[in-house]
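In what follows, a single structure is set out as structure tokens and then discussed.
The figures here come from the full heavy-atom set of this structure, side chains too, leaving out hydrogens, waters and symmetry mates.
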Amino acid sequence: MAHVTERIRLVVLYGGRSAEHEVSRLSGSYVAQCARAGSVEVDLVGITREGRWVRPPADVLEHEADKDALPALGDDLPAVSLDRVLEPRANERLVVFPVLHGPFGEDGTVQGLCEMAGVPYVGPGVLASAACMDKPVAKRLLEAAGMPTALHIELRSGDVTAETPAALLTDLGSPVFVKPANLGSSIGISKAAGAEQVAAALMRAASYDDRLIVEEYVPGREIEVAVLGNENLRASAPGEIVPGGEFYDYADKYLNGTAELHAPADLPVAVSEEAQSLAVAAARALGVEGLARVDFLYDEAASPDRRLLVSEINTMPGFTPISMYPRLWAVSGLDGPTLIAELLRLALDRHARRRAHNRTEH
């Protein structure tokens, strides 16, 4: 078994080409600071909005120690080659922490690159990352595994007609949530009532993705559970999001700070245990290893089999100082540095296990 007491160089990969670039800068800063607090060598590598891999100044963490976000990734930073980033130095273990949210990072692309390079990395593998990122695919897999989910309809932006909004409202009721198929941090998501609002929401979502998902509105509370582990997954205490607006959108998460985050959530013991059990089952159904945050809709007035609905699984949830994933583990007994150390251990253990399969030998 690999241990984090070995000399490790942690490549914190942050930024990225997705609409969640700014969130990744916040998350990267938190991960880097927690890793350094645990005496892990941190190697920062940024990806610009245009997809250039760059290296910020070596002393950026010293200068930015009191800042929430790592500095912007501009064109003035020197480019770095992938082979240099992913090549271990003598007498060290290299681990990549792709703190990238959304497409081009959380969707299996960077995970596949690490697999090709034979480098350990934090978080779920290629298939689980891709499946969880794609909301319609994730819903299908969850339903196939018997997980309770909200009613939903998948469609392509090119198939939307003038009659589509009214048809969606007939099938799902009003209001509905309209979402891009592949994006996180609530970007591109709208709550819409009435055909005119639904039409505008479909256009907004289509500006981010040509595949869309429309879900029924479920009254109730937003519950989140953090999952950690490889073959043996464990769940944190549940937390609750109380949105400052109509729902927990991007501004509520990262800009205006009006949402309330309760960790742990005030839930009956039986409901907390059910959420933890469902979180582990849902993560296993999609092949998750390493980490994930499983989000639920909780309607205490619904029938027992519809009381907790699995909303989505985030394979690289926010790692900002106010994000639920680290907060839930903090109230469950793992502070930031300890959590990062455990994630590194899991990455190394999974890498060793996969290498033992001798996939490259005949």
Side-chain angles (χ1 to χ4, degrees), residues 20 23-24 26-31 33-35 37-38 68 97 99 101 106 122-124 128-129 132 147 184-186 220-230 232-244 247-248 250 252-254 257-284 286 288-298 307-347:
E20 298 175 75
V23 183
S24 179
L26 290 165
S27 294
S29 180
Y30 180 81
V31 168
Q33 291 180 36
C34 286
D68 289 334
F97 198 139
V99 197
H101 308 307
E106 192 179 350
V122 171
S129 297
C132 292
M147 299 287 105
S185 294
S186 299
R221 298 158 64 181
E222 298 186 36
I223 304 299
E224 300 182 346
V225 176
V227 173
L228 182 68
N230 286 339
N232 298 310
L233 293 171
R234 54 181 168 141
S236 73
E240 179 177 6
I241 304 293
V242 181
F247 67 98
Y248 193 41
Y250 181 89
D252 217 3
K253 288 181 180 180
Y254 301 111
T258 56
E260 296 179 19
L261 281 66
H262 299 165
D266 183 13
L267 293 169
V269 173
V271 175
S272 291
E273 292 176 348
E274 182 183 359
Q276 291 173 308
S277 178
L278 279 174
V280 169
R284 283 180 175 153
L286 276 84
V288 166
E289 288 189 321
L291 75 146
R293 194 193 72 226
V294 184
D295 299 347
F296 296 92
L297 299 170
Y298 171 51
R307 180 173 59 182
L308 273 170
L309 301 180
V310 181
S311 178
E312 62 181 357
I313 302 177
N314 294 271
T315 57
M316 190 52 67
F319 268 88
T320 75
I322 63 169
S323 293
M324 263 299 202
Y325 190 86
R327 285 186 63 170
L328 287 174
W329 282 118
V331 300
S332 300
L334 298 178
D335 61 16
T338 305
L339 174 60
I340 298 304
E342 176 65 6
L343 289 170
L344 296 184
R345 185 191 69 79
L346 291 169

Q.
Quick check: do Ser311 and Phe296 have side-chain heavy atoms less than 4.5 Å from each other?
A. no

Q.
Any side-chain to backbone donor/acceptor pair from Asn230 onto Leu346? Under 3.5 Å, distance only.
A. yes

Q.
Would Arg293 pass as a cation-pi partner of Trp329, given that its NZ or CZ must be under 6.0 Å from the six-membered ring centre and within 45 degrees of the axis?
A. no

(Q) Please enumerate all residues that pass ring-ring contact (aromatic ring centres under 6.0 Å, His included) together with Phe319, with sequence neighbours excluded. (A) Phe97, Tyr325

Q | With Ile241, the side chain to side chain contact (heavy atoms under 4.5 Å, CB included) member among Arg221, Glu222, His262 | A | Glu222

Q: Using the test side chain to side chain contact (heavy atoms under 4.5 Å, CB included), find all partners of Ala35 that sit at least two apart in sequence or belong to another chain.
A: Leu10, Val40, Val42, Ile340

**Q.** Pairs meeting criterion salt bridge (charged side-chain N to carboxylate O under 4.0 Å, His left out) with involvement of residues 270-283, two or more places apart
**A.** Glu274-Arg307

Q) Which heavy atom in Arg284 sits nearest to a heavy atom in Leu233, and how many Å separate them? A) CG-CD1, 3.7 Å

Q: Determine, step by step, whether Ser29 and Gln33 satisfy the side chain to side chain donor-acceptor pair (under 3.5 Å) criterion, reporting the C-alpha distance in whole Å, the side-chain angles of both residues, the deciding distance to 0.1 Å, and the verdict.
A: CA-CA 6 Å; Ser29 180; Gln33 291 180 36; 3.0 Å; yes

Q | Heavy-atom side-chain contact between Ser27 and His101 under 4.5 Å | A | yes

Q.
Please determine whether side-chain contact (heavy atoms from CB on, under 4.5 Å) holds for the pair Val294 and Val227, giving the CA-CA distance in whole Å, both sets of side-chain angles, and the decisive distance to 0.1 Å.
A. CA-CA 7 Å; Val294 184; Val227 173; 4.0 Å; yes

Q: Using a 4.5 Å cut-off on heavy atoms from C-beta on, say whether the side chain of Leu286 contacts that of Ile313.
A: yes

Q) Rounded to the nearest 0.5 Å, how far apart are CG of Leu228 and CG of Leu334? A) 7.0 Å

